[in-house]
There are 2 protein chains.
Amino acid sequence: MLNSKAFKALAHPVRRDILKRLRDGQLSAGEIADAYDMSKPSLSTHFAVLKSARLIQAERKGNHIYYRLNVTVADEVLSGLMDMFGIEKEK
Amino acid sequence: MLNSKAFKALAHPVRRDILKRLRDGQLSAGEIADAYDMSKPSLSTHFAVLKSARLIQAERKGNHIYYRLNVTVADEVLSGLMDMFGIEKEK
DNA sequence: GAACTAATTAGAGAATATGTTAAACAGCAA
DNA sequence: TTGCTGTTTAACATATTCTCTAATTAGTTC
C-alpha cells in the first residue's frame, strides 16, 4: 500500500497523542516525554515509529531535538482515507 | 480515546482494502473473501475487527451476509484526524 | 428430518508489538 | 573533561495480532 507505515503508526494512542501535541508547533523530545508516565526509551521508540512513517521530522538545536509534524504526509494520509471512503474533498 | 478501535482497524492492509471495496456499495462476505488468498475464517476475523470498530455494518439476507461501509464512522475518523493534524475542513 | 451453502466461532501456534531496566553511545555545551 | 539531552542496544516479559484447521451456527431446500 501507499503509506502502510503511517496507518500502523496511528494505531497507538500515545503516538496519536504525540501528533496532537505537535499540531501547534514543535516540541523537544523532553517536553513531550514529560507528559507521559513512560520510560524514555519507550518514548524514543514511539518517536522512531513516527519518524519512520515520516509523520514527524526531527531537528537538533544544541542539546535538544525538536520534533514537528510533517504536514505533507498528514495530508497524504487524509487524502488516502478520503479516497478509501469515497469521500470527496470539498475545495 | 474516542475511536481507538477504528485506528487499530485501519492498521491492517487487508482491512483497508476491504473498506475500499465497500466504497461503492455493499458486498457479501463471500464476494469479498474471493478477492483474497486467505482462509475464510481469517477474513471473518477481519470483518469482526471492522465491525467492532463500527466501520462496517452487516445485514443478513438469506444465506448471505452483506457488509457495507458505515459512512458516519468514516466521517468521524476523518474529522478526528483533521483535528489531530490541525487541518481545517474547508466547507 | 437430511443435505447443502454461507459464514462465524473455537482453539492453537507463530509472529509482532509494547514495555521495562540497565548500559552504552552521540552530540553539544560549559 | 564533565554534564546534559536524547537515542540505541540488549535481554527480557507480557500482550496482542494474525493465520490456520476443525467444528459450529444459521438459513435454505428437498
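Computed from a prediction, not measured in an experiment: that's the story for all the values here. Naming convention: chains lettered A, B, ... in sequence-line order (proteins, then strands); numbering from 1 in each chain.
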>> Using side-chain heavy atoms (C-beta onward) and a distance below 4.5 Å, is B:S4 in contact with A:R16?
In response: yes
> Given atom NZ of B:K61 and atom P of C:dA7, what is their separation to the nearest angstrom?
Replying inline: 13 Å
> Would you say the side chain of A:K20 lies within less than 4.5 Å of the side chain of B:D83, judging by non-hydrogen atoms?
Replying inline: yes
> Mapping B:P41 and A:H12 onto DNA chain C by nearest heavy atom, which one lands closer to the 5' end?
Replying inline: B:P41
> When you check the phosphate oxygens OP1 and OP2 of D:dT7, does a side-chain N or O of A:K40 lie under 4.0 Å from one of them?
Replying inline: no
> To the nearest Å, how far apart are B:H64 NE2 and D:dT29 P?
Replying inline: 10 Å
> With a 4.5 Å limit on heavy-atom distance, are the side chains of A:K61 and A:Q26 in contact?
Replying inline: yes
> Does A:H46 make a side-chain N or O approach to OP1 or OP2 of C:dG19 shorter than 4.0 Å?
Replying inline: yes
> Atom NZ of B:K8 to atom C1' of C:dA17: distance rounded to whole Å?
Replying inline: 10 Å
> Out of C:dT18, D:dT8, C:dT8, which has the shortest distance to the side chain of A:S44?
Replying inline: D:dT8
> To the nearest angstrom, how far is A:R60 atom CZ from C:dC28 atom P?
Replying inline: 6 Å
> Between the side-chain atoms of A:N63 and the base atoms of C:dG27, is any donor-acceptor pair under 3.5 Å?
Replying inline: yes
> Any side-chain N or O of A:S42 less than 4.0 Å from the OP1 or OP2 oxygen of C:dT20?
Replying inline: yes
> CD of B:E31 versus P of C:dA6: gap in Å, rounded?
Replying inline: 11 Å
>> Please classify the nucleic acid contact of A:Y36 as base, sugar-phosphate, or nothing, using heavy-atom distances under 4.0 Å.
In response: nothing
>> For a quick check of understanding: with a heavy-atom distance under 4.0 Å over all strands, which category does B:K51 fall into, base, sugar-phosphate or nothing?
In response: nothing
> Rounded to the nearest Å, what distance is computed from the CE atom of residue B:M38 to the C1' atom of nucleotide D:dT21?
Replying inline: 15 Å
>> What is the distance, to the nearest angstrom, from the OH atom on B:Y66 to the C1' atom on C:dT8?
In response: 17 Å
> When the distance from CZ of B:F7 to P of D:dT17 is rounded to whole Å, what number comes out?
Replying inline: 16 Å
> How do A:T45 and A:I65 order along DNA chain D: which one's closest nucleotide is nearer the 5' end?
Replying inline: A:I65
> So do the side chains of B:D75 and A:F85 get within less than 4.5 Å of each other, counting heavy atoms only?
Replying inline: no
> Start at the 5' end of DNA chain D and walk down; is the nucleotide closest to A:F47 or to B:V49 reached first?
Replying inline: A:F47
>> Do A:R68 and A:L22 have side chains that approach each other closer than 4.5 Å (heavy atoms only, starting at C-beta)?
In response: no
> Think A:S39 has a side-chain N or O under 4.0 angstrom from the OP1 or OP2 of C:dT20?
Replying inline: yes
